[in-house]
Novice: 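Pasting a structure below so you can have a look.
Everything quoted here is computed from the prediction, not taken from an experiment. We count ligands from 1, going down the list as the structure has it; atoms in each ligand are counted the same way.
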Amino acid sequence: MSIEYADRLKQLPPYLFEEIDRAKNKAIEEGRPVIDLGVGDPDRPTPDFIIRKLHEASLDPSTHKYALNRGLGALREEMAGWYRSRFKVELDPDTEVLPLLGSKEGIAHVPLAFINPGDELLVPDPGYPPYNSGAVFAGGRVRFMPLVEENGFLPDLDAIDEDVARRCKLMHLNYPNNPTGAVCDKAFYEKVVAFAKKYDIIVCSDAAYTEISFDGFNPPSFLEVEGAKDVGIEFHSLSKTFNMTGWRVGLAVGNARVLNGLARVKSNIDSGIFTAVQIASIEALKHAEKVKKESVKIYTERRDVLVDGLNEAGWKVPRPKATFYVWAPVFGGYDSISLAKAILEKADIIVTPGRGFGKSGEGYVRMALTVGPEKLEEAVGRIRKVFFC
Ligand SMILES: Cc1ncc(COP(=O)(O)O)c(C=O)c1O
């Protein structure tokens with residue numbers, strides 16, 4: 001029997017990291033002292049008080065049943081309360097808040113509710129891969145918005161062709177940004193709202209990293225801007241803020257009609273978040289401020305160790321204002337893939353080639369601050385020795 005993959009799988013971008021993966025597995029197998037700056041997954045555990053709440057809630061058999069698809073009312077209220085206290089944004093917990101099985105799930109599913117085959121979408125390049133794959137699965141045509149250093153890694157909305165803009169139905173945005181570490185201000189979001197209104201484009205703002213920011217900078221929510229709720233939604237996540245990547249809890253908030261479309265897709269695909277996890281998530285959100293403070297302190301130290309160390313060694317890398325990523329320009333005639341390979345082979349350090357996030361990611365590698373300061377110092381020392389001595 002011949003088993004054929006559907007066209008939508010064939011349309012996904014090629015996997016570019018085979019050679020690097022091979023080198024990485026080989027290094028690990030050989031027992032080399034690999035330092036992994038490749039993955040955007042916090043190394044620290046979920047705080048104890050959240051785990052204790054999960055344990056307590058899981059002992060109650062009523063949590064063992066199928067969860068309500070739109071989530072517990074108490075969770076939606078807590079999520080709305082967090083948006084109120086953090087961003088001064090008012091949300092109706094019944095219609096303007098939708099819990100997700102992690103924000104990735106919502107990001108990938110939202111085009112299914114609004115994109116017909118052949119419809120066009122605007123997607124940042126470089127960008128988090130599910131913006132593109134979700135669009136492809138819905139039969140959409142992706143128009144990439146290049147994020148380049150000259151524009152502070154913001155899309156140049158004025159450069160988008162009028163005809164293209166008219167044909168586009170949905171736009172993904174992500175600030176603070178993965179992979180570039182760039183941030184935006186409210187003035188940028190105001191431009192986005194005006195653009196979206198002019199061309200009838202649904203805006204999907206991905207705000208997964210607003211709680212990891214430095215030097216007193218407090219990243220805004222898209223929904224803080226007047227009119228934003230008329231044109232779009234925002235995705236958020238408990239993953240990075242609370243070191244809960246494996247728990248799968250995210251949220252979409254904002255325009256009720258957009259959320260309703262997403263909820264209808266989801267009700268045909270999943271059956272909600274484990275109720276005990278929802279109860280633990282309520283507890284997490286209640287202590288968001290405290291957890292954030294500790295986390296920011298830890299990532300600030302790590303950022304400074306890596307950025308100061310690399311700059312002193314001779315690799316000029318910028319200091320991000322948010323996210324736990326350092327977006328470093330390549331040097332020495334390498335491109336992003338060959339530099340990542342060289343760093344792995346010669347220094348036993350894993351970094352992610354920018355090309356993997358899209359064409360405009362070429363020329364950079366991404367380093368995640370997901371190891372402690374001693375390992376980051378060690379990484380800096382090895383890079384200095386191999387490439388800058
Ligand atoms: C920009 C961005 N958005 C969303 C996510 C997904 O987070 P989760 O599905 O864990 O909520 C990630 C994870 O790496 C990310 O980098």
Novice: Scan for side chain to side chain donor-acceptor pair (under 3.5 Å) pairs involving residues 133-144, sequence neighbours excluded, and state none if there are none.
Specialist: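 Side chain to side chain donor-acceptor pair (under 3.5 Å) check on residues 133-144 returns E120-R143.
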Novice: Start with the C-alpha gap between D43 and T370, add the side-chain angles, then the distance that decides, and say whether side-chain hydrogen bond (donor to acceptor under 3.5 Å, both in side chains) holds.
Specialist: CA-CA 5 Å; D43 54 316; T370 45; 5.7 Å; no
Novice: Write out each pair where an N or O from ligand 1 and one from the protein are under 3.5 Å apart, with the distance.
Specialist:
from     : atom 1 : to   : atom 2 : distance (Å)
ligand 1 : 3 (N)  : D206 : OD1    : 3.3
ligand 1 : 3 (N)  : D206 : OD2    : 2.5
ligand 1 : 7 (O)  : S103 : OG     : 3.3
ligand 1 : 9 (O)  : S103 : N      : 3.2
ligand 1 : 9 (O)  : K104 : N      : 2.9
ligand 1 : 9 (O)  : R248 : NH2    : 2.7
ligand 1 : 10 (O) : S239 : OG     : 2.6
ligand 1 : 10 (O) : R248 : NH1    : 2.9
ligand 1 : 11 (O) : S103 : N      : 2.8
ligand 1 : 11 (O) : S103 : OG     : 2.8
ligand 1 : 11 (O) : S237 : OG     : 2.6
ligand 1 : 11 (O) : S239 : OG     : 3.4
ligand 1 : 14 (O) : K240 : NZ     : 2.7
ligand 1 : 16 (O) : N178 : ND2    : 2.8
ligand 1 : 16 (O) : Y209 : OH     : 2.8

Novice: Give a yes or no on whether the backbone of N177 and the side-chain of N174 come within a donor-acceptor separation of less than 3.5 Å.
Specialist: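 Pair absent, no side-chain N/O of N174 close to backbone of N177.
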Novice: Closer than 4.0 angstrom, basic N to acidic O: yes or no for E105 and R248?
Specialist: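 Salt bridge: no.
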Novice: Run through I107, L262, V249, L251 and flag the one making a side chain to side chain contact (heavy atoms under 4.5 Å, CB included) with L100.
Specialist: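 Considering I107, L262, V249, L251, a side chain to side chain contact (heavy atoms under 4.5 Å, CB included) with L100 is found only for L262.
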Novice: Please determine whether salt bridge (charged side-chain N to carboxylate O under 4.0 Å, His left out) holds for the pair K191 and D158, giving the CA-CA distance in whole Å, both sets of side-chain angles, and the decisive distance to 0.1 Å.
Specialist: CA-CA 10 Å; K191 277 183 97 173; D158 299 328; 3.7 Å; yes
